[in-house]
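Right, one structure below, let's go through it.
By convention here, the first residue in the shown sequence is residue 1.
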Amino acid sequence: TTDIADGKAYTAAAFGAPSADVAERWRDASLFAHAVTVMTHGRLTPRMGGLPIRIGVEVVGAIGASGGTGEQDVQVVKAALGMS
């Protein structure tokens, strides 16, 4: 699950959006999403559980979690970032 968490974080940072948003954008292109995940060796992982970290409007990093449901992963990430 650490590799998946890293992939979710990378996805959130790369797109400047929650990894779940990327998953939703690619929902109707599941084969494409899977292909991108495989081609990047899991680096891009469009699944719920990654959030970007911003200072002002700039994305400076991201954090991801894996091991629970997508909703649980988001809760863990929000807790780590001090969000409700």
Hphob cluster co-occupancy, [X] + [Y], side-chain heavy atoms under 4.5 angstrom:
X	Y	result
Leu81	Val60	yes
Phe32	Phe15	yes
Val36	Val22	yes
Ile55	Val77	yes

Straight-line distance of [X] [atom1] to [Y] [atom2], nearest 0.5 Å:
X	Y	atom1	atom2	result
Asp6	Thr11	CG	OG1	10.5 Å
Trp26	His34	CH2	NE2	13.0 Å
Thr1	Lys8	OG1	NZ	9.0 Å
Glu58	Ile53	CD	CD1	12.5 Å
Ile4	Thr37	CD1	OG1	10.0 Å
Asp73	Ile63	CG	CD1	11.0 Å

How about CZ on Arg43, more than 12 heavy atoms from neighbouring residues, nucleotides or ligands closer than 6.0 Å, or not?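 No, the 6.0 Å shell around CZ holds no more than 12 heavy atoms from other groups.
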Taking every non-hydrogen atom, the tightest pair across [X] and [Y]:
X	Y	answer
Gly16	Val59	CA-CG2, 3.8 Å
Gly64	Ala9	N-CB, 3.5 Å
Ala12	Pro52	CB-N, 3.6 Å
Pro46	Ala23	O-CB, 3.1 Å
Val74	Gly49	CG2-N, 3.8 Å

Is the backbone N or O of Thr2 less than 3.5 Å from a side-chain atom of Ser66, with the two atoms forming a donor-acceptor pair by type? no
